[in-house]
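Labels below follow one simple rule: chain letters A, B, ... track the order of the sequence lines, proteins then strands, and each chain is numbered from 1. These numbers come from the heavy atoms of this one structure, side chains and all, not from hydrogens, waters or symmetry mates.
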Amino acid sequence: MAIDASALGPREEFTAMVLDVVDAIPPGRVMTYGDIAEYLQRGGPRGVGGVMAREGAAVTWWRVVRANGTLPPHLMVDAQQHWITENTPTRRGIVAVTQARWWPTDPAPTTP
DNA sequence: GGATTGACCGGAA
DNA sequence: GTTCCGGCCAATC
């Protein structure tokens with residue numbers, strides 16, 4: 001939240017919306033690039049990835065993973081520690097997207 | 001104005 | 001289970 005997308009241009013608005021959704025992902029849960037694009041009904045997987053590559057550092061980027069639950073090598077190291085800290089469902093070091101997948105309209109996340 | 005790059009996805013072999 | 005291919009979109013050169 002806290003991003004006034006309405007005051008920005010179309011492309012910056014898309015960027016702001018992406019960051020907004022990522023920031024809304026609760027701990028222990030993840031969303032895929034494709035899911036974010038589908039939820040926003042804008043851009044696409046590559047569009048979300050392009051935004052995250054530049055502005056992702058401003059949000060909880062480790063809660064956004066690929067459709068297969070992996071991330072680029074240099075991010076996997078830091079991401080794995082965040083996943084462990086937040087009790088994110090993982091399988092052999094990668095996120096179990098089937099279990100950890102979250103959606104903005106979903107009520108409550110993990111309850112261990 | 002066009003071409004290239006990058007934290008992508010789904011289906012087919 | 002892995003590997004390859006076409007399509008997709010925003011930011012940058």
Side-chain angles (χ1 to χ4, degrees):
Chain A
M1 52 75 74
I3 301 178
D4 190 4
S6 57
L8 304 172
R11 294 171 313 268
E12 291 186 344
E13 176 181 303
F14 174 76
T15 302
M17 290 175 71
V18 171
L19 298 177
D20 192 33
V21 173
V22 175
D23 190 55
I25 303 174
R29 287 307 196 95
V30 298
M31 278 186 78
T32 68
Y33 297 90
D35 283 349
I36 295 174
E38 185 178 340
Y39 172 73
L40 296 177
Q41 283 290 291
R42 284 295 171 192
R46 303 301 301 269
V48 176
V51 171
M52 289 297 294
R54 293 149 181 74
E55 304 296 329
V59 293
T60 55
W61 56 264
W62 60 89
R63 292 176 191 164
V64 183
V65 298
R66 294 192 185 191
N68 63 324
T70 63
L71 282 175
H74 68 276
L75 292 177
M76 287 294 291
V77 183
D78 287 339
Q80 284 178 4
Q81 297 191 6
H82 283 291
W83 296 333
I84 295 172
T85 302
E86 300 187 352
N87 293 315
T88 305
T90 57
R91 184 75 170 177
R92 293 178 303 183
I94 69 172
V95 174
V97 181
T98 310
Q99 300 178 22
R101 190 182 247 179
W102 180 79
W103 195 260
T105 57
D106 282 358
T110 53
T111 335

Fill in: Flag side-chain contact, heavy atom, 4.5 Å: A:V30 against A:I25
no
Worksheet item: Is there side-chain contact between A:I36 and A:V22, with at least one heavy-atom pair below 4.5 Å?
Response: yes
Discussion item. What I'd like to find out is whether the side chain of A:R29 reaches to under 4.5 Å of the side chain of A:T88, using heavy atoms alone.
Written reply: no
Discussion item. Using whole Å, what does the distance between atom P of nucleotide B:dG6 and atom NE2 of A:H74 come to?
Written reply: 11 Å
Worksheet item: B:dG6 P sits how many Å from A:E55 CD, rounded?
Response: 17 Å
Worksheet entry | Sub-4.5 Å side-chain heavy-atom contact between A:M52 and A:V59 | yes
Response to the item:
Note: contacts of residues 59-72 of chain A with DNA chain C (heavy atom, under 4.0 Å) are none
Worksheet, complete the sentence: 5' to 3', nucleotides 6-13 of chain C under a 4.0 Å protein heavy-atom cut-off (B base, S sugar-phosphate only, - none) gives --BBSS--
Item to complete: For the residue pair A:Y33 and A:V65, establish whether any side-chain heavy-atom pair is separated by less than 4.5 Å.
Response: no
Discussion item. Are the side chains of A:M31 and A:V21 in contact, using a 4.5 Å heavy-atom criterion?
Written reply: yes
Worksheet item: Does a salt bridge link A:R63 with A:E86, judged by any charged N lying under 4.0 Å from a carboxylate O?
Response: yes
Fill in: Euclidean distance for C1', B:dG6 against C:dC8 (whole angstrom)
13 Å
Worksheet entry | Side-chain heavy atoms of A:W61 within contact of A:L71, under 4.5 Å | yes
